[in-house]
Amino acid sequence: MTLPDGRVLEMPKGCSIRDVAFRIGSGLGKACVGGKIDGGAEILDLRYALVRDCSLSIVTADSKDGLEVVRHSASHIMADAICRLWPQAKLSIGPSTDDGFYYDIDLDAKVLPEDLERIEKEMSKIVEADTAFERCETGRDAALARYRSEGEIYKVEIIEGISAAESITTYRHGSGAFEDLCRGPHVPSTGYVKAFKLLTVAGAYWRGDEKNKMLQRIYGTAFTSKKELDAWVTRQEEAKARDHRKIGKELGLFMMHPIAPASPFFLPRGTIIYNRLVQHMRELYRTYDYKEVITPQIFDTEMFKTSGHWAHYLENMYVTEKDERQFGVKPMNCPSHTYIFANEKRSYRELPLRIADFGRLHRYERSGVTGGLTRVRTFCQDDAHLFVAPDQIKDEIASLLKMIMGVYDLFGFTRPKVFLSTRPAGSLGTDEIWNKAESALAAALTENGVAYTVNPGDGAFYGPKIDFITEDAIGREWQLSTIQLDFNLPERFDLKYTTRDGGEERPVMIHRAILGSLERFVGVLIEQTSGNFPFWLAPEQARVLPIAEGHMAYAKEFVAALEAAGHRVGLDVSNQKVGAKIRDARLMRIPYVLVVGDREVAEGTVAVRERPDKDLGPMTRDGVLALFADLERTKKR
RNA sequence: GCCGAUGUAGCUCAGUGGUAGAGCAGCGGUUUCGUAAACCGCAGGUCACGGGUUCAAAUCCCGUCAUCGGCUCCA
């Protein structure tokens, strides 16, 4: 055996992965749940017999791979528990997920949330019994016959989908009391599943297809120790406390109303953030030479027929009729921008022509998929369409990357994971242009030091794309920016520009958004900052707190001076003690609290307190103005 | 759209067949106060909406609307 650290270990032929682990050390032996050989991705069972020389890495329970094994085993234990409680339940699939595991079952009786506890109890018994997980190979026909006779129609369907060349395996535990078709691997025995918790029951279509029967999906999670499970629960609670719907309500940023389902109302405080973001993008547009436009909301459907939306996107569109003409509300800005491009005869000298648009978009989303600010039916993007010559793609992408990374840094998001999606089957455009475009994208990424992963064949039918997945402060992933090349729309709208030699050529369109939708971005930002917006975005940047009535006149004067300098400043006129005023300001996440009492009035200062509770001591009016001006300029977080 | 849950005062929530409750917020008064909640009082509800069962419904049943968790992870 060659180990990951390069050590070579002599082991008898046919020994198990577990044997090797124990040979290395008893601690590792106890902690291991599987192994990987020869750098392969597949996790093998501990009992996997090693019959030839190979390189081996041991998978321990606390690794990402190991946790997957533990969770997958937990899902079997849950299935066993469910079958004990409801013997008529038919099993389908039960994999591990990023956050835990689930099992989809077909059962006429409804599993209610209060049943989860019963299932957990049953699972605990199985775990306590600590019986071995045994791997069994069966013949394909035998397995099929058996599941057919048992009425396990999902298992039959699964086996039918497995190529005849592959062997069929099952895993059993409880000394054979429970057996399930499974590729594995599993932990050595049920006792390895030391900490688990069932979460919810939900509906899920068989194979994710809504034409199929809806099964009951039971979600759970499992960890290798109670401590880790508790830590996970705590993290979930923290995430809940940061939920933008909760904070948005508390801070008076936005509201929802059934009168306009899935469509946020931005309240004055939320609107400040929203507009400030737009303003920031406009500043970038000056630097990067974009031209902003304003385009109509409603178009004759002719446009959508030309663009292809009518054929491919109608389900998501709002339509209306007037003067016996049919109109559609725009779900995207791109088609209208082609009219702007085509409005005059374009020269190669004008390219890249960058058209930006903060137009409001409407997309019908199915009622079950909407939520908060992150999935809405009306929104606006920091949208732009870049009309470029094919040989400008690389440079344009390079400058976009710079812009995107700058924005992520500004808000404190991690550098994103980048995915390049390439040509799918049945796509539009020639090989030549696709190859050129894909290599231009790849080169731009590489030359700018951006590591990326290729998703082969995952591009749109009209062009390759780059997606950016970033992580927020508590490790949740969000897709914000996208860059999408498009060979299709220029074709459909017959866009052309005059080349240097007087000929005509078709431009390539690049669709791109950096923040994505403003609505969604505000939502993500609320969760990222937990409502503690950086000074430049904060709806109320400072609040002046007079200690008593007598300090009011001085306080008002101070507020006026800060407002004159362009800052957003509140004045607490309430009849409360300072402690209560401080508390209110703190709950509203106001960056600076300026307290005014006898001392400050006498000295011509304010007592400055920085969010959440840092005492900056007394500062003069000029001192505060200088501090605030600096914060605005640097956009410091 | 489908599966499940939820919907009571502005907010957070209690109330499981018999007169609709609390805290906070609001309003009025007292207090003029030094860094996370002063005190007293008042007002506030078609219990989401519509229908049904019942002597009686926030509570039980049916429907509608909205919100929330899922519906990609593949033996």
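Just so it is clear, the values below take in all heavy atoms, side chains as well, and ignore hydrogens, waters and symmetry mates. Fair warning: this is a prediction, and the values are worked out from it, not measured in the lab.
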Provide the Watson-Crick or G-U wobble partner of [N], both distances under 3.5 Å; none if there is no partner.
N: rU59(B); value: none
N: rC11(B); value: rG23(B)
N: rU46(B); value: none
N: rU6(B); value: rA66(B)
N: rU53(B); value: none
N: rC33(B); value: none
N: rU72(B); value: none

Is it the case that the side chains of [Y] and [X] hold a donor-acceptor pair, with the cut-off being a distance below 3.5 Å and no angle test?
X: Asp584(A); Y: Gln576(A); result: yes
X: Trp206(A); Y: Glu157(A); result: yes
X: Glu238(A); Y: Thr234(A); result: no
X: Glu179(A); Y: Thr170(A); result: yes
X: Asn532(A); Y: Ser530(A); result: no
X: Tyr452(A); Y: Asp467(A); result: no

Counting heavy atoms from C-beta on, name the nucleotide in [options] closest to the side chain of [X].
X: Thr200(A); options: rG69(B), rA36(B), rG34(B); value: rG69(B)
X: Arg586(A); options: rA5(B), rG70(B), rA36(B); value: rA36(B)
X: Pro113(A); options: rC73(B), rU35(B), rA5(B); value: rA5(B)
X: Ile547(A); options: rA36(B), rC73(B), rC33(B); value: rC33(B)
X: Glu549(A); options: rU35(B), rU67(B), rU32(B); value: rU32(B)
X: Glu210(A); options: rG1(B), rA36(B), rU35(B); value: rG1(B)
X: Arg183(A); options: rC74(B), rA37(B), rA5(B); value: rC74(B)
X: Pro258(A); options: rC11(B), rA66(B), rU32(B); value: rA66(B)
X: Pro261(A); options: rA66(B), rA36(B), rG4(B); value: rA66(B)
X: Arg245(A); options: rU35(B), rC68(B), rA5(B); value: rC68(B)

- line: ring-ring contact (aromatic ring centres under 6.0 Å, His included) filter on Tyr205(A), not counting sequence neighbours, yields none

Protein-nucleotide distance ([X], atom [atom1]; [N], atom [atom2]), rounded to Å:
X: Asp99(A); N: rC71(B); atom1: CG; atom2: P; result: 11 Å
X: Leu616(A); N: rU35(B); atom1: CG; atom2: P; result: 17 Å
X: Tyr554(A); N: rG34(B); atom1: OH; atom2: C1'; result: 15 Å
X: Arg207(A); N: rU72(B); atom1: CZ; atom2: C1'; result: 14 Å
X: Ile590(A); N: rU35(B); atom1: CD1; atom2: P; result: 19 Å
X: Glu114(A); N: rG4(B); atom1: CD; atom2: P; result: 13 Å
X: Phe265(A); N: rU67(B); atom1: CZ; atom2: P; result: 11 Å
X: Met588(A); N: rA25(B); atom1: CE; atom2: P; result: 14 Å

Residue-phosphate contact under 4.0 Å: [X] side-chain N/O, [N] OP1/OP2:
X: Lys581(A); N: rA36(B); value: no
X: Arg583(A); N: rA38(B); value: no
X: Ser367(A); N: rG1(B); value: yes
X: Lys577(A); N: rA36(B); value: no

- prompt: Going by the angle between their ring planes, with limits at 30° and 60°, are His76(A) and Phe178(A) parallel, tilted or perpendicular?
  reply: perpendicular

- prompt: Once the angle between the rings of Phe535(A) and Tyr592(A) is folded into 0 to 90°, is it parallel (under 30°), tilted (30 to 60°) or perpendicular (over 60°)?
  reply: perpendicular

C1' gap between rG10(B) and rU64(B), integer Å: 26 Å

query: Taking atom P in both rA57(B) and rC47(B), what distance in whole Å separates the two?
result: 12 Å

Looking at every strand, decide which applies to [X] at a 4.0 Å heavy-atom threshold: base, sugar-phosphate, or nothing.
X: Gly579(A); answer: sugar-phosphate
X: Ala260(A); answer: nothing
X: Leu199(A); answer: nothing
X: Gly550(A); answer: nothing

message: Between the base of rG34(B) and the side chain of Glu600(A), is there a donor and acceptor pair under 3.5 angstrom?
response: yes

message: Taking donor-acceptor contacts at under 3.5 Å, does the side chain of Tyr205(A) reach the base of rG70(B)?
response: no

query: With a 4.5 Å limit on heavy-atom distance, are the side chains of Glu540(A) and Arg568(A) in contact?
result: no

statement: Tested for side chain to side chain donor-acceptor pair (under 3.5 Å) against Tyr171(A), the lone hit among His72(A), Arg135(A), His186(A) is Arg135(A)

field: 5′-ward residue of the pair Thr370(A)/Tyr364(A) relative to RNA chain B
entry: Tyr364(A)

- line: The answer to which of Arg609(A) and Asp98(A) contacts RNA chain B further toward the 5' end, by nearest nucleotide, is Arg609(A)

field: Nucleotide-resolved protein contact map, nucleotides 43-48 of chain B, B/S/- at heavy-atom distance under 4.0 Å
entry: ------

